[in-house]
2 protein chains.
Amino acid sequence: MFAGTPIVSALAESPNQTYSPRQNAVLECALKVLVEGGERALTTARIAREANCSKESLYKWFGDRDGLLAAVIGFQAAKVRVKDAGQGAGDPDAFRASLVVFARDLLTVLAGDVSLALNRLAIGQASREGSALGRLLLERGRRTIETRARALLESGARAGHISGDLGEAYRVLYALVVRDSHVRLLLGDDLADDERDFATRADAAVDQFFRLHGADGKTGRAGPGPDNNS
Amino acid sequence: MFAGTPIVSALAESPNQTYSPRQNAVLECALKVLVEGGERALTTARIAREANCSKESLYKWFGDRDGLLAAVIGFQAAKVRVKDAGQGAGDPDAFRASLVVFARDLLTVLAGDVSLALNRLAIGQASREGSALGRLLLERGRRTIETRARALLESGARAGHISGDLGEAYRVLYALVVRDSHVRLLLGDDLADDERDFATRADAAVDQFFRLHGADGKTGRAGPGPDNNS
DNA sequence: TACCCTGCGTACCGTACGGTACTGTACGGG
DNA sequence: CCCGTACAGTACCGTACGGTACGCAGGGTA
């Protein structure tokens with residue numbers, strides 16, 4: 001996913017606390033436990049046992065359980081990097097293709113086990129404690145996605161492919177791509193077969209996006225806008 | 001019909017399980033506790049204390065804690081009724097107004113304390129236990145909203161105001177109205193000022209919906225296409 | 001009055017978890 | 001060789017919770 005691609009603007013990580021390799025290994029282990037068993041399984045004893053470390057070390061490194069959870073979220077967010085996808089903005093087809101790639105990536109990330117587990121964790125803690133984890137997740141995870149998309153849209157706007165407010169355009173694109181799939185997945189619902197086809201969904205969503213925010217007349221496709229509805 | 005004898009799982013069958021007034025009062029109280037303090041506060045002891053009943057009664061009525069949670073969700077869902085809003089379909093303006101009302105109601109419900117608390121509860125339990133609560137919530141809560149919207153859209157389609165597949169239209173409408181607000185609220189994020197203006201949001205979303213699914217040329221408004229972007 | 005049923009209040013039990021303290025051990029520098 | 005540091009492993013403690021058992025009051029019935 002972020003394998004060989006070059007890393008772009010990794011956001012000013014001033015508050016980004018870094019950990020030693022050993023601590024990162026423990027966090028990776030905690031993440032695995034979280035994904036496998038949910039929050040209920042994420043006990044300090046289990047993490048310590050799974051990671052072959054002592055509970056005392058956990059508390060020395062991360063303060064308390066909440067600090068550990070925050071570290072897990074920050075650790076995962078640090079692994080996600082913004083792909084450099086703002087190229088080829090001059091060509092309408094290339095721009096459209098970039099949007100489709102973004103949409104497909106977005107769906108893939110949101111539907112992933114790790115993302116779902118972390119979001120469930122943050123949502124479960126949102127009621128108490130001022131939703132610190134939720135804000136952390138939004139700040140670290142969502143921000144990177146948004147910056148990537150906005151850079152893409154901005155280049156498209158400069159090339160005259162789309163019109164309208166960029167922030168509004170981003171939100172519309174996000175809505176058309178994700179729809180209610182994220183919440184339903186968080187609730188444990190299964191996506192329908194056609195909903196699982198992220199490539200087709202991304203394509204259709206970008207079509208609809210261009211009908212709302214494409215520069216006048218342009219659909220982002222070679223031919224006029226399709227009408228595959230019965 | 002004697003109430004209180006059978007201890008059913010409340011999840012499997014008997015979807016129309018009804019409770020005595022006393023039990024409903026207890027469930028109402030449990031709902032209040034849940035909204036105020038989140039799942040962590042929803043302990044059997046606290047419910048019993050708050051509702052002036054004994055823990056033993058709770059277990060006799062609802063089986064165990066999970067049964068109680070399921071009963072709370074079912075109890076809340078039973079309070080939500082589908083408003084009969086499919087009138088005036090012949091008039092385009094009235095049809096559009098009905099959609100706007102639906103959109104505003106949808107946002108209001110999803111942003112409500114009770115809805116957020118129940119969704120957080122179900123999401124927190126989604127990882128373990130096969131996400132029974134999540135399915136219950138989707139089945140009871142979402143279904144009613146969807147039926148109302150689909151009836152509305154169907155009447156609009158019959159009157160020739162919109163085109164395209166109805167299911168697709170519903171999902172697009174939902175996406176344009178809700179966007180990512182639901183997830184962000186679940187995560188504890190605060191909506192921006194303009195996002196909190198549900199009336200304006202509903203209006204704009206319906207505008208966009210008509211541009212995607214309105215019968216050719218029709219925007220659902222008296223005048224030409226709107227320009228609500230800054 | 002005797003009996004029974006319902007349900008409140010509460011004491012109680014087992015367990016699980018967060019957090020702490022203690023011990024043993026490997027390592028590295030002086 | 002000694003000492004400080006870091007860390008694994010584990011025993012331990014206080015607490016909170018789910019779930020159960022028991023006592024007791026009120027009301028209905030005969």
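Chain A is the first sequence line, chain B the second, and so forth, proteins listed ahead of strands; every chain is numbered from 1.
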Is there side-chain contact between R196(A) and D193(A), with at least one heavy-atom pair below 4.5 Å?
yes
Does a side-chain heavy-atom distance below 4.5 Å link L27(B) with Q23(B)?
no
Verify the contact: side-chain N or O of R22(B) to OP1 or OP2 of dC8(C), cut-off strictly under 4.0 Å; return yes or no.
yes
Output yes when E139(A) and R135(A) qualify as a salt bridge under the 4.0 Å nitrogen-oxygen rule, no when they do not.
no
Ion pair E195(B)/R171(A), N-O distance below 4.0 Å:
no
Pair S54(A), S57(A): side-chain N/O donor-acceptor within cut-off below 3.5 Å
yes
Which ones in residues 38-56 of chain A lie close to DNA chain D, meaning a heavy atom under 4.0 Å from one of its atoms?
N52(A), C53(A), S54(A), E56(A)
Nearest heavy atoms of L186(B) and A126(A), plus distance in Å
O-CB, 3.3 Å
Taking every non-hydrogen atom, the tightest pair across A45(A) and K55(A):
CA-CD, 4.1 Å
Are F62(A) and Y19(A) an aromatic pair by the rule of ring centers under 6.0 Å?
yes
Taking everything shown except D197(B) itself, do over 12 heavy atoms lie less than 6.0 Å from its CG?
yes
Contact span of DNA chain D against chain A, any nucleotide atom under 4.0 Å from a heavy atom, 5' to 3', runs dC7(D) to dG9(D)
Near DNA chain C, which residues from residues 118-127 of chain B have a heavy atom under 4.0 Å away?
none
Before giving the answer on side-chain hydrogen bond (donor to acceptor under 3.5 Å, both in side chains), spell out for Y174(B) and R142(B) the whole-Å C-alpha distance, their side-chain angles and the decisive distance to 0.1 Å.
CA-CA 11 Å; Y174(B) 190 99; R142(B) 216 134 209 199; 2.3 Å; yes
